[in-house]
2 protein chains.
Amino acid sequence: MGAKRKLDYDCPIRDVLDRVGDAWTVLTILELSKGPCRFNALKRVIDGISQRMLAVTLRNLERDGLVIRRVLPSAPPHVEYSLTARGLSLHQAIGTLNEWAVDHQPGIRADRLRYDQRPALV
Amino acid sequence: MGAKRKLDYDCPIRDVLDRVGDAWTVLTILELSKGPCRFNALKRVIDGISQRMLAVTLRNLERDGLVIRRVLPSAPPHVEYSLTARGLSLHQAIGTLNEWAVDHQPGIRADRLRYDQRPALV
DNA sequence: CAGCATCCCCACTGATACTG
DNA sequence: CAGTATCAGTGGGGATGCTG
């Protein structure tokens with residue numbers, strides 16, 4: 001099988017993980033949690049994201065009902081993205097994970113170093 | 001850049017997500033949360049995982065201090081894996097996300113269907 | 001039983017160019 | 001501004017075979 005198995009799992013946790021596992025998705029949600037934002041504004045603020053991946057990410061979020069896409073009727077087309085209630089609740093859930101990450105990152109980093117630097121014994 | 005940017009982020013959340021984003025990792029933690037387990041036992045119970053990915057996953061978890069690897073001194077080598085305190089705490093954090101997943105999966109599935117079946121207008 | 005080494009395919013991503 | 005279409009490359013991960 002390929003790089004990522006995109007079967008539609010019945011398992012809910014895998015379902016979420018398929019979305020949350022993508023770093024762009026999380027970063028996008030994080031940005032949008034601060035308030036509605038336009039396409040290029042997001043592109044500017046999400047460091048390193050390509051136009052393509054932002055488009056793909058937003059489309060997926062919209063499909064899952066996590067983000068709303070609003071087209072403002074103006075001469076140069078303006079499109080505003082914002083989190084739905086569901087998106088906001090996901091942001092909360094991610095927040096828990098984020099706290100865990102912040103709490104444990106130092107210890108993890110330390111352990112990684114020790115693991116990597118230990119002699120290659122059997 | 002490649003498929004996945006494996007820079008070592010300073011951002012803690014990306015750090016966690018690089019680990020948690022992998023479905024195998026989560027499934028493995030889920031299994032080990034039930035108690036210590038041997039290699040092939042894990043392989044049997046984690047549906048669809050290959051030997052290679054289980055080995056890689058366990059090594060990463062061990063490296064991050066989330067899992068302990070104990071070699072039991074027996075004639076055919078027995079290796080037992082179990083969660084550390086840190087691994088257990090990650091399991092808790094994932095639990096939050098899991099609850100979210102269970103709560104919202106029906107709605108998400110429904111929205112996906114609507115999104116996919118709507119006429120391809122502009 | 002536990003797990004590393006090798007090969008190889010293809011899904012995902014970034015780059016680039018074009019449109020409404 | 002806000003995208004879509006196309007193309008090419010990278011590396012994740014399955015399959016297989018071997019070792020302690």
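Convention: sequence-line order gives letters A, B, ...; per-chain numbering from 1.
- Residue A:Asn40 is the one, among B:Ser50 and A:Asn40, whose nearest nucleotide of DNA chain D lies closer to the 5' end (criterion: closest heavy atom).
- Spacing between atom CD of B:Glu80 and atom C1' of C:dG3 amounts to 17 Å, rounded to whole angstrom units.
- A:Ile49 has its CD1 atom 11 Å from the C1' atom of C:dG14, to the nearest Å.
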What protein N or O atoms touch nucleotides 16-18 of chain C N or O atoms at under 3.5 angstrom, if any, and at what distances?
none

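- Residues from residues 30-38 of chain A lying near DNA chain D, meaning a heavy-atom separation below 4.0 Å, are A:Arg38 in numerical order.
- For A:Arg63 and B:Asp111, the salt-bridge test fails: no basic side-chain N is under 4.0 Å from an acidic carboxylate O.
- Minimum interatomic distance between A:Val26 and A:Val20 (heavy atoms only, all atoms of both residues): CG2-O, 3.3 Å.
- Rounded to whole angstrom, the span from the CD1 atom of B:Ile46 across to the P atom of C:dA2 amounts to 13 Å.
- Distances shorter than 4.0 Å separate some side-chain N or O of B:Tyr81 from OP1 or OP2 on C:dG3.
- One can place CG of B:Asp47 at 15 Å from C1' of D:dG14, the figure rounded to the nearest angstrom.
- One finds a side-chain N or O of B:Trp24 lying less than 4.0 angstrom from the OP1 or OP2 phosphate oxygen of D:dG14.
- Of the residues in residues 70-79 of chain A, those lying under 4.0 Å from DNA chain D by heavy-atom distance are A:Pro77, A:His78, A:Val79.
- Evaluation of the side-chain hydrogen bond (donor to acceptor under 3.5 Å, both in side chains) rule for A:Asn60 yields no partner, not counting sequence neighbours.
- For residues 28-45 of chain A, the set of pairs meeting the side-chain hydrogen bond (donor to acceptor under 3.5 Å, both in side chains) definition, not counting sequence neighbours, comprises A:Glu31-A:Lys34, A:Ser33-A:His91, A:Arg38-A:His78.
- Between A:Leu42 atom CG and D:dC1 atom C1' the separation is 13 Å, expressed in whole Å.
- Residues from residues 55-63 of chain A placing a heavy atom under 4.0 Å of any atom in DNA chain C do not occur.
- Note: CG (A:Asp22) to P (C:dA11) measures 18 Å, nearest angstrom.
- A:Asp18 has its side chain out of reach of A:Arg14: every pair of non-hydrogen atoms, C-beta onward, lies at least 4.5 Å apart.
- Between B:Leu54 atom CG and D:dA15 atom P the separation is 14 Å, expressed in whole Å.
- Between the CE atom of A:Met53 and the P atom of D:dA5 there is a distance of 16 Å, given to the nearest Å.
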